[in-house]
Amino acid sequence: MKPAVRLQLSLMMFLEFFVWGAWFVTMGTFLLNNLHTSGTQVGVAYLTQSIGAIIAPFIVGLIADRFAPAQLILGILHLIGAMLLWLAGSSADFETFYPLLLLYMILYMPTLALVNSISFRQMDDPTKKFPAIRVWGTIGWIVAGLIIGWLGWEKSNTLSLTFKMASAASGILGLLSFMLPNTPPLKKGQKVSVGELLGLDAIRLLKQRSFLLFFLSSVAICIPLAFYYNFTNPFLNEAGMSSAAGKQSLGQMSEFLFMLLMPLFFSRLGVKKMLALGMLAWVIRYIFFAFGNVEANYWMLIGGIVLHGICYDFFFVTGQIYTDARAGEQFKSAAQGLITLATYGVGMLIGYLISGPIVDAYKLTDGTHDWKTIWLIPAAIALLVLALFMLLFRESNTEKNIKM
């Protein structure tokens, strides 16, 4: 791969996740403080991610894979997205904000697959070369959080500017996309089924008891995950943490570190223990949040954020590796699509629906929340999923030998 192409792909990945991280982390605080919404409305807003994840395969499979070059579709989606983000940040009420966000996420979620596709098509050995490109996405998310913290937009109650910043970055990425290496459709003229688009061709994997339990665990563990995405930033700001968005970027730094260490852990622990440790980290994270504060237990708040690396890498990345190993060559893509549908689609959707009403139920008369009780609920859900997984999941000798 030529240095110029490597630079283009790295910048593409940086901007792709900078755009997302610029508004997604602090949206809950923006909605509660600026638009004066309820917790239920915050959950409904974050639910747009799940809707976008469910619709994304149709856009990628029907358009990018068959009719137009991926970089062209990427550019168009981000230019439209830039306008939607700007309008969303200018919204005066939730009724105006929500349809703009919904349309934006339907357009944005497919771009996650498009940037991967564009990158893979330029590499002769994606296994070795892709991580060095993908890591720039994590860096982009971190930089977005640090900028928000540095400029003090949370403290000054000007989080509408996060959408304007994301809009500008999306516009730049849209224009940059037209200059990316040409990535023509690979399946032009081929027929496609709904089952293929959603990864349902891999449904036969669910006949295997261990994979079925992993699939159900993936759905269930994403329910408490929604609490983290929805309400961590409002919680930290309400608790009195300064530059909360900037400190939340420690989670992505942790993710980067543990991604580098994963091969070492994987070779020693195997699939079941890696997945279990990921779920256990979620339990500990929410307990830390329940009992943490900005005074004597400040370390618990930071610890809960830093645990994101184990929570994400040990469960999601291990799960992707496990799924790839269990699926035959013919169904690798379909199997990954099925797991994506289960996690970001079904699991997160359920979590977004229940987290908002729970937060509303524990809102106090002075406008604050009983965060201790709120965080113990996802902790209990994660603990139940972990207990059932450890009791029922059986790791075969073949699975113990799965390598990264």
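Rounding to the nearest 0.5 Å places OG of Ser217 at 8.0 Å from CZ of Phe393. To the nearest 0.5 angstrom, Met300 atom CE is 14.0 Å from Ile305 atom CD1. The distance from atom CG of Leu114 to atom CG of Leu77, rounded to the nearest 0.5 Å, is 6.5 Å. Between the OG1 atom of Thr162 and the CG atom of Leu85 there is a distance of 9.0 Å, given to the nearest 0.5 Å. A distance of 10.0 Å separates CG of Asn237 from CG of Leu32, quoted to the nearest 0.5 Å. Here CH2 of Trp371 is found 6.0 Å from CD of Glu238. Values are rounded to the nearest 0.5 Å.
In Phe256, the CZ atom is not crowded: 12 or fewer heavy atoms of neighbouring residues, nucleotides or ligands sit closer than 6.0 Å. Around the CH2 atom of Trp136, the shell of radius 6.0 Å holds no more than 12 heavy atoms that belong to other residues, nucleotides or ligands. The number of heavy-atom neighbours closer than 6.0 Å to CZ of Arg134, taken from other residues, nucleotides and ligands shown, is above 12.
Test Ile310, Leu225, Ile381, Ile287 against Trp282 for side-chain contact (heavy atoms from CB on, under 4.5 Å) and you get one pass: Leu225. Screening Trp20, Phe18, Trp23 for a ring-ring contact (aromatic ring centres under 6.0 Å, His included) involving Trp141 leaves a single residue, Trp20.
A pairwise comparison of heavy atoms in Gly89 and Lys164 identifies C-CE, 4.1 Å as the closest pair. Of all heavy-atom pairs spanning Ile374 and His369, the tightest one is CD1-CB, 3.9 Å. Closest of all the heavy-atom pairs between Leu159 and Asn34 is N-ND2, 4.3 Å. Summarising the geometry of Leu236 relative to Ala244, their closest heavy-atom pair is CB-CB, 3.8 Å, with the distance given to 0.1 Å. The two atoms that bring Ala70 and Ile118 nearest to each other are CB-CG1, 3.8 Å, heavy atoms only. In terms of heavy-atom proximity, Ala379 sits nearest to Tyr286 at CB-CB, 3.6 Å.
Inter-residue side-chain proximity for Phe227 and Trp375 is flagged as met; some heavy-atom pair is nearer than 4.5 Å. When side chains are defined from C-beta on, Gln49 counts as touching Tyr352, because their heavy atoms get closer than 4.5 Å. Under the 4.5 Å side-chain criterion, counting only non-hydrogen atoms from C-beta, Ile302 is in contact with Met241. Between Cys311 and Met279, every side-chain heavy-atom pair lies at or beyond the 4.5 Å cut-off. Counting heavy atoms from C-beta outward, Thr138 and Phe17 have side chains that stay 4.5 Å or more apart. No side-chain heavy atom of Val346 sits under 4.5 Å from any side-chain heavy atom of Leu349. Proximity of Thr343 to Ser218: side-chain heavy atoms (C-beta onward) are separated by under 4.5 Å at one or more points. Counting heavy atoms from C-beta on, the side chains of Ile377 and Ile354 never come closer than 4.5 Å.
A donor-acceptor contact shorter than 3.5 Å is absent between the side chain of Thr48 and the backbone of Val44.
For Phe163 and Phe97, the ring centers are positioned less than 6.0 Å apart. For an aromatic pair to be called close, the ring centres must be under 6.0 Å apart, and Phe231 with Phe235 fails this. Between Phe24 and Tyr229, a ring centre-to-centre spacing shorter than 6.0 Å is recorded. Aromatic pair Phe288/Trp299: centroids less than 6.0 angstrom apart.
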### Message
With side chain to side chain contact (heavy atoms under 4.5 Å, CB included) as the criterion, how do Phe178 and Gln71 come out once you've worked through the C-alpha distance, each side chain's angles and the decisive distance to 0.1 Å?
### Response
CA-CA 6 Å; Phe178 299 126; Gln71 80 279 3; 6.0 Å; no

For this session: Let me see the working for Leu84 and Leu107 under side chain to side chain contact (heavy atoms under 4.5 Å, CB included), right down to the final yes or no.
Result: CA-CA 10 Å; Leu84 292 171; Leu107 297 180; 3.9 Å; yes

If you apply the rule side chain to side chain contact (heavy atoms under 4.5 Å, CB included), what do you find for Met13 with Val135, and how did you get there? CA-CA 8 Å; Met13 202 66 73; Val135 73; over 6 Å; no

Discussion item. Assess the residue pair Ile148 and Met165 against the criterion (side chain to side chain contact (heavy atoms under 4.5 Å, CB included)); give the C-alpha distance rounded to whole Å, side-chain angles, the decisive distance to 0.1 Å, and a yes or no.
Written reply: CA-CA 10 Å; Ile148 294 170; Met165 179 173 69; 4.0 Å; yes

Between Ser355 and Asn230, does a side-chain hydrogen bond (donor to acceptor under 3.5 Å, both in side chains) hold up when you go through it step by step? CA-CA 8 Å; Ser355 59; Asn230 284 12; 2.8 Å; yes

Distance-only donor-acceptor hits, side chain of residues 167-177, under 3.5 Å, sequence neighbours excluded:
from	atom 1	to	atom 2	distance (Å)
Ser167	OG	Ala82	O	2.6
Ser170	OG	His78	O	2.7
Ser170	OG	His78	ND1	3.2
Ser177	OG	Leu173	O	2.7

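Between the side chains of Thr26 and Asn233, no donor N or O sits under 3.5 Å from an acceptor N or O. At a cut-off of 3.5 Å, with distance as the only test, no side-chain donor of Glu154 or Ser243 sits close to an acceptor on the other residue.
By the 30° and 60° cut-offs, the orientation of the rings of Phe314 relative to Phe258 is perpendicular.
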